[in-house]
2 protein chains.
Amino acid sequence: MVLVDKLRSTDCKPTKLMDLEQIKCQSCSISRLCLPVMLADAEIEHLDSIVKRRKPYQKDDVLFRFGEPLQSLYAVRSGCLKTYTLDADGIEQITGFYLPGEIIGLDAIANNTHQSFAKALDTSLVCALPYNKLDILAGQIPGLRSQLLKIMSSEIQDDKALFLLLNKKNAEQRLAAFVINLSRRYANRGLASDRFQLPMTQVDIANYLGMAVETISRLFKKLHKLDLLELKQKEINILNMQQLSHFAGTSCHV
Amino acid sequence: MVLVDKLRSTDCKPTKLMDLEQIKCQSCSISRLCLPVMLADAEIEHLDSIVKRRKPYQKDDVLFRFGEPLQSLYAVRSGCLKTYTLDADGIEQITGFYLPGEIIGLDAIANNTHQSFAKALDTSLVCALPYNKLDILAGQIPGLRSQLLKIMSSEIQDDKALFLLLNKKNAEQRLAAFVINLSRRYANRGLASDRFQLPMTQVDIANYLGMAVETISRLFKKLHKLDLLELKQKEINILNMQQLSHFAGTSCHV
DNA sequence: GGCTAAACTTGATTTATATCAAGTTCTGGC
DNA sequence: GCCAGAACTTGATATAAATCAAGTTTAGCC
């Protein structure tokens with residue numbers, strides 16, 4: 001099955017789908033990206049006991065909707081998801097993409113209400129972290145408390161970086177930076193960083209980066225012409241990482 | 001003295017400058033915006049004991065620099081400050097403005113390093129919250145832990161909203177939304193929301209919103225022509241809050 | 001109280017990117 | 001293996017806002 005193959009390629013050990021749904025934090029291949037960083041074994045077990053593992057979400061399945069009360073944060077185990085709001089005309093406004101090891105729903109903590117919709121872009125496994133239990137556990141385990149604060153701080157950092165990107169950079173710098181950013185996130189989870197599948201459509205990328213799809217298409221072509229990357233169907237192949245990074249950072253007045 | 005007058009107008013009780021530097025969390029007029037929300041008296045006292053009150057920062061004084069280790073978060077008591085980074089050419093890129101009751105430096109928690117510069121735009125009083133002590137205290141006081149998480153979540157919410165604003169709205173909607181946002185924040189601290197001083201220059205606003213100063217100037221003029229607001233020197237006078245909000249939210253195709 | 005630099009204003013011109021229009025290619029379901 | 005809808009591509013045109021240029025006003029300083 002396609003699904004099992006996909007999951008296999010995500011995890012180190014070849015395991016059956018059933019096992020992947022049940023796997024514990026202790027043996028989770030992405031735990032170093034997730035919450036259990038630096039926790040003692042007993043503490044991880046404690047955390048593991050509150051985590052609810054969900055059956056895989058299929059493409060277009062919705063995890064939560066705007067306005068729903070916060071029940072759980074979601075840690076992505078495999079696949080990819082997006083968060084989005086709807087504007088006055090009901091048009092989708094994508095606010096984020098989430099890869100394995102990343103936590104969805106942190107913005108809901110302030111007023112116990114989800115601020116966006118979350119939807120799977122692909123078959124995805126997630127762990128649900130019931131927030132009230134997580135909060136209590138954070139009071140008992142100093143390492144978990146610190147880690148939770150760090151994860152939130154990290155999200156604030158990322159948001160500020162995105163802000164600067166959108167506010168100060170032109171279209172090609174945005175797209176280059178977007179690709180570099182995805183690449184770094186794949187590298188972090190131990191996957192190939194110079195060759196990977198784009199989990200979202202170009203329409204989604206355009207929406208997220210505040211550009212027209214046509215512009216995205218033209219710019220991918222331009223980046224290819226410059227021998228910086230190749231895009232075949234949805235597979236990105238970064239040909240010159242260093243120059244692409246440079247391109248993303250500083251304006252290229254050519 | 002100008003300073004004392006300014007502080008007086010910010011605080012309920014007329015007090016001497018010396019008192020304001022020493023005032024405790026228990027009697028701080030902005031405490032409901034700051035950390036002590038919902039804490040018991042004894043807990044507030046506990047928090048109060050770690051807060052270091054600083055002499056006022058003068059206009060252009062720097063609180064911390066990019067790359068410095070995180071010592072303290074800063075709670076604004078009066079005045080206004082900005083955070084910014086420098087781009088490759090050394091040009092200032094403003095990432096935020098901070099009003100009384102707001103906390104500066106949350107993005108530094110992830111890797112214990114400040115991610116920006118922070119500078120006073122005006123004579124400003126701040127409380128320094130030593131982070132290691134705050135973290136420990138958060139482990140002892142559940143209400144403080146929750147509040148800290150909520151404040152961080154709230155910052156993430158604000159960042160996402162800003163992201164949507166910059167990504168999806170045109171220049172006049174951005175400016176209108178910026179003014180509305182300031183107005184709401186003044187209202188939150190119990191000050192006039194329809195008539196207030198702009199604490200930053202138009203150059204700073206332009207920088208923050210990713211626009212040219214000329215555009216800001218023209219748009220303020222346009223908003224005035226539409227009888228939505230008045231700008232005299234640095235004093236904003238919102239003439240039609242409802243329409244201005246509407247203007248900020250939905251595109252006005254006129 | 002006059003001088004200087006910064007802040008702001010106004011108009012003319014340019015430009016990056018959106019929009020419009022009309023394709024082609026890909027993908028999933030029967 | 002074919003069909004329909006979605007995704008992507010390509011070119012022509014429009015436009016919002018930047019840039020350039022040259023003011024005027026404001027505010028701090030000796």
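All values derive from a computational prediction rather than experimental measurement.
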**Message:** Would you say B:Arg185 and B:Asn181 are linked by a side-chain donor-acceptor pair, where the criterion is simply a distance under 3.5 Å?
**Reply:**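 B:Asn181 vs B:Arg185: donor-acceptor pair found between side chains.
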**Asked** What's the spacing between A:Lys160 NZ and B:Thr95 OG1 if we round to 0.5 Å?
**Response**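 Separation between the atoms: 5.5 Å.
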**Prompt:** Roughly how far, to the nearest 0.5 Å, is the CG atom of B:Leu99 from the OG atom of B:Ser78?
**Reply:**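 The distance works out to 11.0 Å.
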**Message:** For B:Phe163 and A:Tyr208, take the angle between the two ring planes, folded into 0 to 90°, and tell me which bin it lands in: parallel under 30, tilted 30 to 60, perpendicular over 60.
**Reply:**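 B:Phe163 and A:Tyr208: tilted rings.
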Grab the [atom1]-[atom2] distance between [X] and [N] for me, whole Å please.
{"X": "A:Asp204", "N": "D:dC8", "atom1": "CG", "atom2": "C1'", "answer": "13 Å"}
{"X": "A:Lys59", "N": "C:dG29", "atom1": "NZ", "atom2": "P", "answer": "10 Å"}
{"X": "B:Asn207", "N": "C:dC8", "atom1": "CG", "atom2": "P", "answer": "13 Å"}
{"X": "B:Lys168", "N": "C:dT19", "atom1": "NZ", "atom2": "P", "answer": "11 Å"}
{"X": "B:Arg218", "N": "C:dT13", "atom1": "CZ", "atom2": "C1'", "answer": "11 Å"}
{"X": "A:Ile216", "N": "C:dA16", "atom1": "CD1", "atom2": "P", "answer": "17 Å"}
{"X": "B:Lys225", "N": "C:dT10", "atom1": "NZ", "atom2": "C1'", "answer": "11 Å"}
{"X": "B:Leu223", "N": "C:dC8", "atom1": "CG", "atom2": "P", "answer": "16 Å"}

Do the side-chain N or O atoms of [X] get closer than 4.0 angstrom to the phosphate oxygens (OP1, OP2) of [N]?
{"X": "B:Thr215", "N": "D:dA18", "answer": "yes"}
{"X": "B:Lys221", "N": "C:dT9", "answer": "no"}
{"X": "A:Gln202", "N": "D:dT9", "answer": "yes"}

Between [options], which nucleotide gets closest to the side-chain atoms of [X]?
{"X": "B:Ser217", "options": "C:dC8, D:dA18, D:dT26", "answer": "C:dC8"}
{"X": "B:Lys234", "options": "C:dC8, D:dT19, D:dA17", "answer": "C:dC8"}
{"X": "A:Val203", "options": "D:dC8, D:dT9, D:dA16", "answer": "D:dC8"}
{"X": "A:Ala212", "options": "D:dT10, D:dT26, C:dT19", "answer": "C:dT19"}

**Request:** Please determine which of B:Thr215, B:Ile180, B:Leu223, B:Asn170 meets the side chain to side chain contact (heavy atoms under 4.5 Å, CB included) test together with B:Leu175.
**Result:**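 Running side chain to side chain contact (heavy atoms under 4.5 Å, CB included) over B:Thr215, B:Ile180, B:Leu223, B:Asn170 with B:Leu175 returns exactly one hit, B:Leu223.
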**Message:** Taking atom types as they are modelled, would you say the side chain of A:Glu214 forms a donor-acceptor pair with the base of C:dC20 within the 3.5 Å cutoff?
**Reply:**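 It does, because a donor-acceptor pair links the side chain of A:Glu214 to the base of C:dC20 below 3.5 Å.
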**Asked** What does B:Ala171 touch in the nucleic acid at a heavy-atom separation under 4.0 angstrom: a base, only the sugar-phosphate, or nothing?
**Response**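 Result for B:Ala171 = sugar-phosphate.
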